[in-house]
Amino acid sequence: QVQLEESGGGLVQAGDSLRLSCGPSPRTISSLGMGWFRQAPGKEREFVASISWSGARTYYADSVKGRFTISRDNAKNTVYLQMNSLKFEDTAVYSCAARTSTGASLWETDYAYWGQGTQVTVSS
């Protein structure tokens with residue numbers, strides 16, 4: 001069973017940076033495609049970023065491209081989301097998710113395991 005736990009959320013000002021972590025998982029996620037999603041109050045959950053098992057392939061939502069970076073350290077069984085130049089509209093609960101295959105994916109339905117999420121609040 002893959003168990004995911006996010007950390008690193010918090011309250012920041014617009015323009016600040018945060019790094020979210022997902023892991024370490026008690027079961028290895030080094031061979032799994034991983035993703036970050038977010039859900040703002042009153043809105044549907046949306047894709048943020050994803051990464052293949054090796055890190056060679058990444059995808060980003062247009063709204064975060066150039067500001068957010070997804071990465072992974074398979075030796076530590078951990079996936080990261082570096083968020084720079086944060087905006088008020090980035091405020092949401094951020095959740096990491098794991099696939100049961102190796103590739104990156106934009107699609108929520110491709111992910112089998114989910115963390116509980118961590119709150120990111122950006123004040124304007």
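- In this structure, CD on Gln116 lies 7.5 Å from CD on Glu6, to the nearest 0.5 angstrom.
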Given side chain to side chain contact (heavy atoms under 4.5 Å, CB included), test Arg38 with Glu46 step by step and report yes or no.
CA-CA 5 Å; Arg38 68 185 181 186; Glu46 64 175 2; 2.6 Å; yes
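- To the nearest 0.5 angstrom, Ile51 atom CD1 is 13.5 Å from Arg99 atom CZ.
- Checking side-chain atoms of Asn74 against main-chain N and O of Trp53 turns up a donor-acceptor pair under 3.5 Å.
- Residues Trp36 and Phe47 are members of separate hydrophobic clusters, defined by side-chain heavy-atom contacts under 4.5 angstrom among Ile, Leu, Val, Met, Phe, Trp and Tyr.
- If you chain together hydrophobic residues whose side chains sit under 4.5 Å apart, Met34 and Tyr113 fall into the same group.
- In summary, the side chains of Gln119 and Thr121 do present a donor paired with an acceptor at a separation below 3.5 Å, with no hydrogens or angles considered.
- Residue Ser105 comes nearest to Asp110 through the heavy atom pair OG-OD2, 2.5 Å, listed as atom of the first residue, atom of the second, then distance.
- Residues Ile70 and Val64 share a single hydrophobic cluster, defined by chaining ILVMFWY side chains whose heavy atoms lie under 4.5 Å apart.
- Counting all heavy atoms, side chain and backbone alike, Ala98 lies closest to Val2 at CB-CG1, 4.3 Å.
- Just one of Val12, Leu11, Thr118, Val122 meets the side chain to side chain contact (heavy atoms under 4.5 Å, CB included) condition when paired with Leu18; it is Val12.
- Here the closest non-hydrogen pair linking Gly9 and Leu20 is N-CD2, 3.6 Å.
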Which is it for Lys76 and Ser21 under the side chain to side chain contact (heavy atoms under 4.5 Å, CB included) test, yes or no, and what are the steps along the way?
CA-CA 11 Å; Lys76 295 182 179 179; Ser21 298; over 6 Å; no
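- Side chain of Gln82 to backbone of Arg19: no donor-acceptor contact under 3.5 angstrom is found.
- Between Tyr111 and Ser50 the shortest heavy-atom distance is OH-CB, 3.3 Å.
- Interatomic distance, CG of Leu81 versus OG1 of Thr69, reported as 8.0 Å (0.5 Å rounding).
- Across every non-hydrogen atom of Ser52 and Arg72, the tightest pair is O-NH1, 2.9 Å.
- Cluster membership for Val79 and Phe68, using ILVMFWY side-chain heavy atoms within less than 4.5 angstrom, is shared.
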Criterion side chain to side chain contact (heavy atoms under 4.5 Å, CB included) on Val120 and Asp90, from CA distance to verdict
CA-CA 8 Å; Val120 172; Asp90 293 320; 5.5 Å; no
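- Within 6.0 Å of the NZ atom in Lys43, the count of heavy atoms belonging to other residues, nucleotides or ligands does not exceed 12.
- Taking every heavy atom of both residues into account, Thr78 and Ile29 meet most closely at N-CD1, 4.3 Å.
- Atoms OG and NZ, on Ser124 and Lys87 in that order, are 13.5 Å from each other to the nearest 0.5 Å.
- When each of Trp107, Tyr94, Trp114 is tested with Phe37 by the rule ring-ring contact (aromatic ring centres under 6.0 Å, His included), just one qualifies, namely Trp114.
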